[in-house]
S.K.: 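This is the structure I have questions about; it appears just below.
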There are 2 protein chains.
Amino acid sequence: MSEHQPVNPEPDLRELFATHHLRCTRQRRVLYGALMATDSHPTADHLFQELSRRDHSISLATVYNTLEAFCRAGLAQRIATPSGSARYDASVHNHLHIRDENSGVVADVPEDLGKRFLDAIPREVIQQLESHLDFDIRELKVELVGRYRPDMRQ
Amino acid sequence: MSEHQPVNPEPDLRELFATHHLRCTRQRRVLYGALMATDSHPTADHLFQELSRRDHSISLATVYNTLEAFCRAGLAQRIATPSGSARYDASVHNHLHIRDENSGVVADVPEDLGKRFLDAIPREVIQQLESHLDFDIRELKVELVGRYRPDMRQ
DNA sequence: TTTGATGCAAAGACTTTGCATGCTT
DNA sequence: AAGCATGCAAAGTCTTTGCATCAAA
């Protein structure tokens with residue numbers, strides 16, 4: 001559904017970037033646009049190829065550097081994967097990921113389901129962990145690893 | 001406490017390896033011994049250096065290949081990290097990790113605390129996720145990201 | 001005008017592979 | 001004896017960096 005929605009080449013990013021002290025360049029606009037437009041957690045190379053195909057010229061080094069800048073600014077998030085190349089994600093609110101063991105693909109758990117999961121964790125369990133470990137928990141990363149069920153339709 | 005416990009150079013690994021269809025070589029024994037003996041989730045290079053220091057000669061390529069063999073056999077687990085190099089873990093039962101944002105170091109959450117956390121998640125929330133996503137959840141990876149509290153002792 | 005961003009190529013970090021040799025089974 | 005493991009070096013992948021040029025503020 002959201003698979004091939006067109007990338008708006010110039011969303012209202014000026015303000016967003018300004019807020020985060022990022023210069024608003026063409027490359028940053030199209031890169032962030034592409035990252036926002038997908039929920040497939042692309043790798044740097046995915047994004048590079050996607051933008052090249054769309055004639056939005058950008059160099060691979062800039063893709064890497066810019067994604068890194070987005071992450072520092074809190075506009076994106078890097079997801080480490082077992083397969084070597086990092087994947088990126090424009091939405092930064094706490095959410096869960098599912099990872100398909102077969103393909104390595106990472107996807108988001110829909111907000112409401114994720115919230116239900118997080119809300120189910122009793123606060124005192126978190127506090128117990130924090131005090132026992134002497135650790136401030138700032139973020140909970142949860143990944144559901146498994147595989148999609150076979151499609152049973154004939 | 002378990003920081004510097006001596007690595008038993010020849011634990012009873014013959015059987016373990018046999019069960020998992022792994023040849024029992026000197027390199028595999030010392031490598032698995034070293035991995036078992038620590039809870040610091042070492043990188044391949046950590047292990048290589050540690051063993052080299054102990055005169056347990058092994059090549060870096062063999063460390064990589066052998067860790068990969070352990071993972072395939074289910075005797076170890078590879079943890080992807082944001083910083084590039086993978087970390088390894090000999091214990092494979094479901095457990096939680098904490099990651100220090102400052103140092104990048106990953107550590108285990110003690111079994112009992114982890115269990116308390118996992119047990120706090122209602123089964124029906126999991127089932128809800130599975131049916132909504134049409135996905136079989138085989139493993140739950142949870143990482144508590146944050147930082148250790150400053151030591152207040154004077 | 002100043003400062004930071006971009007692009008290119010080169011370097012760097014981490015990991016895997018090809019192949020000859022050696023050790024386990 | 002057969003077959004997998006090892007070690008080395010080379011190749012591969014992914015990412016970062018140096019530096020000259022260019023664009024945003």
Side-chain angles (χ1 to χ4, degrees), chain A residues 10 13-35 41-52 55-73 75-88 104 106, chain B residues 10 13-34 41-49 51-52 55-73 75-88 104 106:
Chain A
E10 193 113 9
L13 295 172
R14 290 211 108 80
E15 207 175 348
L16 180 66
F17 285 172
T19 315
H20 291 266
H21 309 289
L22 292 169
R23 285 198 177 175
C24 184
T25 69
R26 182 180 51 76
Q27 287 88 338
R28 291 181 171 191
R29 268 176 275 135
V30 295
L31 183 62
Y32 200 72
L35 193 57
H41 302 83
T43 63
D45 199 61
H46 287 156
L47 289 163
F48 172 67
Q49 294 195 28
E50 171 73 7
L51 294 181
S52 301
D55 289 322
H56 289 134
S57 127
I58 188 173
S59 77
L60 184 55
T62 298
V63 171
Y64 275 108
N65 291 332
T66 302
L67 287 171
E68 174 62 21
F70 290 160
C71 290
R72 274 199 307 269
L75 287 181
Q77 181 169 15
R78 180 198 283 217
I79 308 164
T81 78
S83 58
S85 40
R87 290 170 172 274
Y88 294 85
V106 178
Chain B
E10 193 112 11
L13 295 173
R14 290 212 108 79
E15 208 176 347
L16 180 67
F17 286 172
T19 314
H20 290 267
H21 309 289
L22 292 170
R23 286 197 175 176
C24 184
T25 67
R26 182 180 52 74
Q27 287 88 337
R28 290 180 172 194
R29 267 176 276 136
V30 296
L31 184 61
Y32 200 71
H41 301 84
T43 63
D45 198 61
H46 286 156
L47 290 163
F48 171 68
Q49 294 194 28
L51 294 180
S52 301
D55 288 323
H56 288 135
S57 128
I58 187 172
S59 76
L60 183 55
T62 298
V63 171
Y64 274 108
N65 292 332
T66 303
L67 287 171
E68 174 61 22
F70 290 161
C71 290
R72 274 197 308 268
L75 287 180
Q77 181 171 12
R78 178 198 285 218
I79 308 164
T81 79
S83 59
S85 42
R87 289 169 172 276
Y88 295 86
V106 178

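The chains referred to below are lettered A, B, ... by the order of the sequence lines, with proteins before strands, and numbering in each begins at 1. What you are looking at is a predicted structure, and each value in this text was computed from that prediction instead of being measured. Excluded from the calculations below are hydrogen atoms, water molecules and symmetry mates; all remaining heavy atoms, backbone and side chain alike, are included.
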S.K.: How many whole angstroms separate atom NE2 of B/H46 from atom P of C/dA13?
M.R.: 15 Å
S.K.: Would you work out how much the helix from C/dT1-D/dA25 to C/dT25-D/dA1 bends between its ends, with each end axis defined by five base pairs, to 10 degrees?
M.R.: 50°
S.K.: How many angstroms lie between atom CG of A/L16 and atom CG of A/L75, to the nearest 0.5 angstrom?
M.R.: 5.0 Å
S.K.: Does A/Y64 have a side-chain nitrogen or oxygen under 4.0 Å from the phosphate oxygens OP1 or OP2 of D/dT15?
M.R.: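 For D/dT15, OP1 or OP2 has a side-chain N or O of A/Y64 closer than 4.0 Å.
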S.K.: Name the residue from B/N65, B/T66, B/L67 that meets the side chain to side chain contact (heavy atoms under 4.5 Å, CB included) definition with B/V63.
M.R.: B/L67
S.K.: Between P on D/dC4 and CZ on B/F17, what's the gap in Å once rounded to a whole number?
M.R.: 18 Å
S.K.: Tell me what B/A69 touches on the nucleic acid: a base, only sugar-phosphate, or nothing, going by heavy atoms under 4.0 Å.
M.R.: nothing
S.K.: Quick one: does A/H41's side chain have a donor or acceptor within less than 3.5 Å of a partner on A/R87's backbone?
M.R.: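 Not a single qualifying donor-acceptor pair exists.
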S.K.: What is the separation between atom CZ on A/R78 and atom C1' on D/dT16, rounded to the nearest whole Å?
M.R.: 10 Å
S.K.: Enter the distance from A/R14:CZ to A/R28:CZ here, rounded to the nearest 0.5 Å.
M.R.: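 With rounding to 0.5 Å, CZ (A/R14) is 12.5 Å from CZ (A/R28).
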S.K.: Go along nucleotides 2-12 of chain C 5' to 3' and tag each nucleotide: B for a protein heavy atom under 4.0 Å from its base, S when only backbone or sugar atoms are that close, - otherwise.
M.R.: -BBSSBBB---
S.K.: Both B/D45 and B/C24 contact DNA chain C. Taking the nearest nucleotide for each, which residue is further toward the 5' end?
M.R.: B/D45
S.K.: Rounding to an integer number of Å, can you tell me how far B/Q49 CD sits from C/dC14 P?
M.R.: 11 Å
S.K.: In this structure, how many angstroms lie between the P atom of D/dG7 and the CG atom of B/L67, rounded?
M.R.: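 After rounding, the reported distance stands at 13 Å.
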